[in-house]
Amino acid sequence: MLHSCTRPLAGQVCKNAVLSLSASAKNGYATEASFETKPYKLHKLDNGPSTSVSVTRDDALVLYRRMQTIRRMETNAGNLYKEKIIRGFCHLYSGQEACAVGMHGAMRPHDKVITAYRAHGWTYLLSDDILGVLAELTGRQSGCSRGKGGSMHMYCKNFYGGNGIVGAQIPLGAGLAFAQKYNGNDGVCISLYGDGASNQGQAFEAYNMAKLWNLPCIFVCENNGYGMGTSNTRSSASTAYYTRGDYVPGIQVDGMDVLAVREATRFAIEECKAGRGPLVMETLTYRYSGHSMSDPGTSYRTRDEIQEVRSTRDPITSFKDRMLTKELATQEELKKIDAEIKVQVDDLTKKAKADKEIGLEELAADIYSHTLEPVLRGTTPWNAMPHISVAGSR
């Protein structure tokens, strides 16, 4: 798990896109570099995250590798869906990688996450198991949920899904934050949802309860501009999602800048630790694919718009350019990383395709984390099935 390396630089103010490079260097590389992010927009906050952020070479390479891995995973997932190997729903995260990777970079080991159905990237980040994601997508036994959940229902340690009901993860996230506060471990819960889910009534109910109890919850609206088949300007009377907690403080951050997201998340975690939670954080991002693989994504926006974002705001290429400019890495080194990721993900994709499905005896497995009913009703009252535990033995 990455620790947070973003800190204000004392006594420095710079209006340029990037700040000066750290003087120290190793083997021809800079060991650390500093950058200036776009200004954050604040709601009911006197102070916000620092716009001066720094990153070490080692952490920059980790951030880059993680974003590129998610991009390759999603590319392969899209191909598997087109081959009819992935069935049902499949929502890709391509274009939004800086959101998850940036937040993950500021998290501590005991922080928790819950999100909607665009969950492949988060599952990888919190499990470090690429095969577990790809095999789950193909419905195979090596999947993180033994192939029984598929694209929309993935889980691992400290990650509570992957939730298919629009907005349902928002109050669940408040509940997880309540558990963190109850246990007194200074942990937070990051509860993510899209702009399409932002108008759900349960979101405002969760804001209210979280604020009444000052829960350590960071409600994150990943604003990618579009819900299912429509733009946010057609679905929301107010698109300033960071202000929609009303009495809950809010931050708007450039969700295409992994360092800005990491700094904003670090700030939000510190606010929660100080008892000033909850917060609403809006990440301005963009999805390249349709809402799901069944949506071509071009009936309500133009191909030119998508291409313009790819060429000017892509989170991976933008971060790559910053690394190269500040000599945190070389072009050859990053090309080598790209090639390694392609080989690794492609090989694991083949393993996921060749993997086996679970047997029928597992249909009643792991219904409970602790067995409460040794025998469960099957498809009929007289067709009983024994409850078995498989996850605990893996």
Side-chain angles (χ1 to χ4, degrees), residues 69-94 96 100 113-166 168-169 192 228 287 289-297 341-369 376-379 383 385-394:
T69 298
I70 294 173
R71 179 68 59 86
R72 187 66 198 177
M73 277 173 41
E74 297 295 58
T75 298
N76 284 16
N79 293 332
L80 289 169
Y81 185 92
K82 293 170 185 175
E83 295 173 33
K84 300 187 186 304
I85 296 174
I86 293 178
R87 303 282 182 161
F89 293 99
C90 183
H91 303 79
L92 302 183
Y93 204 62
S94 302
Q96 300 183 210
V113 176
I114 187 168
T115 189
Y117 32 72
R118 211 177 300 278
H120 311 161
W122 272 110
T123 311
Y124 151 68
L125 289 172
L126 289 168
S127 67
D128 197 28
D129 184 5
I130 300 171
L131 179 60
V133 175
L134 294 169
E136 188 61 35
L137 288 170
T138 59
R140 311 303 165 95
Q141 62 183 4
S142 297
C144 57
S145 296
R146 299 286 287 168
K148 296 192 288 186
S151 174
M152 300 176 73
H153 304 98
M154 295 185 173
Y155 306 88
C156 59
K157 182 176 174 59
N158 288 333
F159 180 55
Y160 293 78
N163 292 268
I165 304 300
V166 176
Q169 72 279 8
L192 300 105
M228 188 168 67
R287 59 168 167 81
S289 301
H291 175 73
S292 70
M293 283 299 297
S294 61
D295 167 24
I341 291 171
K342 183 179 185 302
V343 170
Q344 180 187 28
V345 176
D346 288 356
D347 286 348
L348 293 175
T349 300
K350 293 176 183 176
K351 288 184 178 181
K353 292 168 68 174
D355 198 17
K356 296 180 180 179
E357 296 181 1
I358 60 171
L360 292 177
E361 70 279 0
E362 278 199 45
L363 288 179
D366 301 319
I367 304 298
Y368 303 107
S369 59
L376 302 171
R377 171 177 167 162
T379 54
N383 182 20
M385 304 180 71
H387 179 266
I388 62 174
S389 178
V390 176
S393 62
R394 293 179 68 193

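Note that the structure is a prediction, hence the values are computed from the model and not measured.
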Flag side-chain contact, heavy atom, 4.5 Å: [X] against [Y]:
X      : Y      : result
Ser127 : Lys157 : no
Ile130 : Lys351 : no
Met293 : Leu92  : yes
Met228 : Asp295 : no
Leu137 : Met154 : yes
Arg287 : Arg118 : yes
Asn76  : Leu348 : no
Met385 : Thr379 : no

Heavy atoms only: give me the nearest [X]-[Y] pair and the separation to one decimal.
X      : Y      : result
Gly147 : Glu136 : N-OE1, 2.8 Å
Met152 : Gly164 : CE-CA, 3.6 Å
Thr69  : Val345 : CG2-CG2, 4.3 Å
Ala364 : His387 : O-CD2, 3.2 Å
Cys144 : Thr123 : SG-CG2, 3.9 Å
Gly88  : Tyr81  : O-CE1, 3.1 Å

Are any side-chain N or O atoms of Asp355 and backbone N or O atoms of Ser142, one a donor and one an acceptor, separated by less than 3.5 Å?
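Looks like yes, one N/O pair under 3.5 Å.
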
Can you tell me how far the [atom1] atom of [X] sits from the [atom2] atom of [Y], to the nearest 0.5 Å?
X      : Y      : atom1 : atom2 : result
Cys156 : Asp128 : SG    : CG    : 10.0 Å
Ile367 : Ile388 : CD1   : CD1   : 10.0 Å
Thr349 : Leu80  : OG1   : CG    : 6.0 Å
Asp346 : Arg72  : CG    : CZ    : 4.5 Å
Arg146 : Asp366 : CZ    : CG    : 8.5 Å
Arg140 : Lys356 : CZ    : NZ    : 12.0 Å

Other residues, nucleotides and ligands only: do more than 12 of their heavy atoms fall within 6.0 Å of CD1 on Ile165?
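Result for CD1/Ile165: open.
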
Given the rule in the side-chain contact (heavy atoms from CB on, under 4.5 Å) test, do Glu362 and Gln141 qualify, once you have shown the distances and angles that lead to the verdict?
CA-CA 10 Å; Glu362 278 199 45; Gln141 62 183 4; 5.6 Å; no

Side chain to side chain contact (heavy atoms under 4.5 Å, CB included) partners of Ala352, counting only residues at least two apart
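Residues passing side chain to side chain contact (heavy atoms under 4.5 Å, CB included) with Ala352: Leu131, Leu134, Ala135, Thr138.
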
Does any pair with a residue in residues 117-139 pass ring-ring contact (aromatic ring centres under 6.0 Å, His included), and if so which ones, sequence neighbours excluded?
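Listed once each, the pairs are His91-Tyr117, Tyr117-His291.
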
